[in-house]
Amino acid sequence: MDKTIKTSRRTFLKGSVAIAGASVAGGAAASEADPLITEVQEWASATGVGVDETPYGMPISFEKDVVRRNVEWLTASPISSINFTPIHALDGTITPQGCAFERHHSGAIELRKEDFRLMINGLVDRPLVFSYQDLERFPRENHIYFCECAANTGMEWAGAQLNGAQFTHGMIHNMEYTGVPLRTLLHEAGLGSANDLKNKWVYVEGADASSNGRSIPMEKALDDVLVAFKANGEALRMEHGYPVRLVVPGWEGNMWIKWLRRIEVTDAAVESREETSKYTDVYEDGTARKWTWVMDAKSVITTPSPQMPIDHTRGPMVISGLAWSGHGQITRVDVSKDGGITWETARLGKQGDTKALTRFYLDTEWTGEPMLLQSRAMDETGYVQPTKQQLRDSRGENSVYHNNCIQTWYVDENGVVENVEVS
Amino acid sequence: MGSSRMSKSLSQIVLPVAGGTALALSVALVVANLDYGRSKISSLEQRVEQTSLQAEAARNKASEEAAVVAELKAKVAEIQLAAIENATGGTNLTENAPRKDIAYGLGRAALTEEITAWDVDVLPDGRGLPEGRGDVFTGEEVFAEKCASCHGDFAEGVDNWPVLAGGFDTLADKDPVKTVGSYWPYLSTVWDYVHRSMPFGEAQTLTPDETYAIVAYILYSNDMVDDEFELSHENFPDIEMYNTGGFVIDDRPDREYTRWRGEPCMKNCKSAVEITMRATFLDVTPDEGGESRMDHTASENTPTFVASTDSTNTSVETETLEISALETDPAVVLAGEKVFKKCKACHAVGAGAKNKSGPQLNDLMGRMMGSVDGFKYSKAFKAAMEEGRVWNDAELAAFLAKPKAYMKGTRMSFAGIKKEKDLTAIIEFLRTTSN
């Protein structure tokens, strides 16, 4: 048994620096000259590929594993399913569109800009229909926001299940959106008919077969909701709602209606399937909580993590991760190497944007001793990311959604990382 | 504003200089005219005076140029100052889109028939429901035709597809069964969802009457109405849902936010930490494909972390629990058991294994295909049994590699096992399973 494990580890470490042999901190002295330096390599002699080889570039082949992945047993069909962003392999904060997680209820559809229509009706003065071109004529804004599925980390309520940050925390992406504020469109249709806006709602609905629809309180609709048509500078991808999706900053991803086709001002929540039977949290006593729209402060260490074991010698190492809060800015992230006994404050890559991913780093040493890595985010409201136990004590284990607990990675003396729960 | 003020003050500096030059020049001309014809002795004095006047003119020109330079410098400073003012909240050049209450005049009026076509949502009080009716008997037929392939003939759910019936009083259990009957708070949601988003792959094709009939049947399958029942827009508001009162509005602000704010603990926050659960024991993480760096192998010993007295370092105790491995079984069977975890949601093996959404797999090798008692096989497997086909290594390997290609029409929704090693392992494992 022991032997098998060692062999498999050696195989998986093949090509990287052998950890067991390397006890010296930092780089070991080279015993013979590196042929990559002393010999002329092919790429340094022959020419490379010309321009236009790939009119729209894909990542280099060596990065082919940095892709979205699906957990088959989670859902009955990939058409009504979800996959996960490879957050373990990314750095910075912006998620490239091509590897940003997808969640469809009836599959991703191909909707041409020419066939796009957006209707505003209900309690408005002038029910209107906009074309795609109309939207581009309203003053527009650019904002970076995270979009997190309410079910992110949902498989971890009852225990440590999935071995990888991609699978435990990958139902999230962070993009720069270009779009028109929803309030601009609401004012275009006129809110006089709605009278007192306090108890009014905006029901938003998609054009795909699932016709996914959600009720958003008017206060939020008039605040920071965007009707977006670009992400990271280019058109939205089909899987993210091309040509137009809703961006509901800080709120659960299900409300970010894709292929947006209708906005209805109502005097009550529609109580659609996705806001009653789904995306509601069952407490321990069987009572369920609804309208839990805001995604609370949360963080996760992306390296090291189960898919990103430590593959270097002892000495300098960077622990890195992501933090975010639907309530605003991340103000601080602490990191523990001993399962929460001692904490150190990490360095934020840059001042946290509101309702957007913040990158954190702990520049530290790999001593070769086992670690229980945790990260703990704090946001501008002073809220501190809870432990899994705190969440369970408050809600039980049957919530499914809105799990923002502190994640623990166990790093063994070989640098191998595993998803665990701790006392 | 600032710009005009600055240039005004600059003119005040420049004008006296220019005026002074003009005055000096005119004085020089007058002096020249008066003294013309005087003795040559005085002409020397005159030349001296002229020279000094020329010198003064040159001096004046120089100071004029200096004034221009000063003006340019002041303008640069002025622009810089304006930029600082902008940056610090004066005129913001990076403002968001304007908040205007007036219309831009974009878009066109929505026509009544367009609104009718798209605005079909139904609210809890029944607003939005079209007129119509449908009874349980009709509903059963429509359901069998359009819904049962995923939701089961009795709304019990096939595979991972949603269960629509039963589950009453399970919401406080470890695994609540959330169905239309046990969980959904409003009947309007059922009608709206069935009418707008179902059937899967053929959404928005059901007539209002068909929808009323299907909803009536779902109520019947939940024992909420009897088999004579007919649902219509008229009696719709009379139906009471079991869990209408089961929801509270987001109570996190009081329940959690107030308690979870404040300065968190940084040192000696716990006395000791132990690992209580490990993901590799479950091993339900999918294979990554490609060059995986994930190690699914669990190491045997995990440490306990203890807070040290000097609170600067945490000591690690290496003494730990011993994980009992099934060392007696061949490694391949073990590996196969791991692969089988993909199948466990639908198939049971071992002592007392019962049929789940897939048949139990004890003593599979040598077993006739489609032959497990009490399991409702697809037509494809029924045909295989009639042909007398039997499970063996080759058949099983072909089936598990590409289930839908091997057995066209099988209800097993599983993409197949791609790795040769995994196929071999799971077959070895299935060879060992019996009651």
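Protein chains get the first letters and strands the later ones, always in sequence-line order, with residue 1 at the start of each.
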Report task. Output yes when B:Asp250 and A:Lys290 qualify as a salt bridge under the 4.0 Å nitrogen-oxygen rule, no when they do not. Result -> no
Query raised in the report: Which answer fits A:Val400, side chain, backbone, both or neither, if we ask what part of it has an atom under 4.5 Å from a heavy atom of chain B?
Result: side chain
Query raised in the report: Where does A:Ser80 contact chain B at under 4.5 Å (heavy atoms): side chain, backbone, both or neither?
Result: both
**Report entry** Option that, when pairs with chain A are counted at under 4.5 Å, heavy atom only, ranks first among B:Asp159, B:Leu171, B:Asn96
**Finding:** B:Asn96
Query raised in the report: Which region of A:Leu226, side chain (C-beta onward) or backbone (N, CA, C, O), has a non-hydrogen atom less than 4.5 Å from a non-hydrogen atom of chain B, or is it both or neither?
Result: neither
Query raised in the report: What part of A:Thr408 is in contact with chain B, defined as an atom under 4.5 angstrom from a non-hydrogen atom: side chain, backbone, both or neither?
Result: neither
Report summary line: Okay, A:Met155 and chain B: the region with an atom under 4.5 Å from a heavy atom over there is neither
**Report entry** Short N-O contact, A:Arg183 and A:Glu188, less than 4.0 angstrom
**Finding:** no
Query raised in the report: Using non-hydrogen atoms only, which part of A:His143 is less than 4.5 Å away from chain B: side chain, backbone, both, or neither?
Result: side chain
Requested in this report: Go through the atoms of A:Phe138 and report whether side chain, backbone, both or neither lie under 4.5 Å from a heavy atom of chain B.
Outcome: both
**Report entry** Residues which pass side chain to side chain donor-acceptor pair (under 3.5 Å) with A:Arg137, listed by chain and number, not counting sequence neighbours
**Finding:** none
Query raised in the report: Would you call B:Arg196 and A:Glu205 a salt bridge, taking side-chain N to carboxylate O under 4.0 Å as the test?
Result: yes
Query raised in the report: Of all of B:Glu202, B:Lys270, B:Met266, which one pairs up most often with chain A through heavy atoms under 4.5 Å apart?
Result: B:Met266
Requested in this report: Could you look at A:Arg262 and say if it's the side chain, the backbone, both or neither that has a heavy atom under 4.5 Å from chain B?
Outcome: side chain
Query raised in the report: Considering only heavy atoms, which portion of A:Asn121 lies under 4.5 Å from any heavy atom of chain B: side chain, backbone, both, or neither?
Result: side chain
**Report entry** Sequence neighbours excluded, every pair satisfying salt bridge (Lys or Arg N to Asp or Glu O under 4.0 Å) that has a member inside residues 170-190 of chain B
**Finding:** A:Glu397-B:Lys174
Query raised in the report: Does a salt bridge link A:Arg395 with B:Glu256, judged by any charged N lying under 4.0 Å from a carboxylate O?
Result: yes
**Report entry** Proximity breakdown for A:Gln133 and chain B, heavy-atom pairs closer than 4.5 Å
**Finding:** neither
Query raised in the report: With distance as the sole criterion, is a donor-acceptor pair present between the side chains of A:Thr168 and A:Glu156 under 3.5 Å?
Result: no
Query raised in the report: Counting heavy-atom pairs under 4.5 Å to chain B, which of A:Thr280, A:Leu74, A:Thr184, A:Ile79 comes out on top?
Result: A:Thr280
Report task. Can you tell which part of A:Glu284 gets under 4.5 Å to a heavy atom of chain B, answering side chain, backbone, both or neither? Result -> backbone
Query raised in the report: Are B:Phe200 and B:Trp161 close enough that their ring centers fall under 6.0 Å?
Result: yes
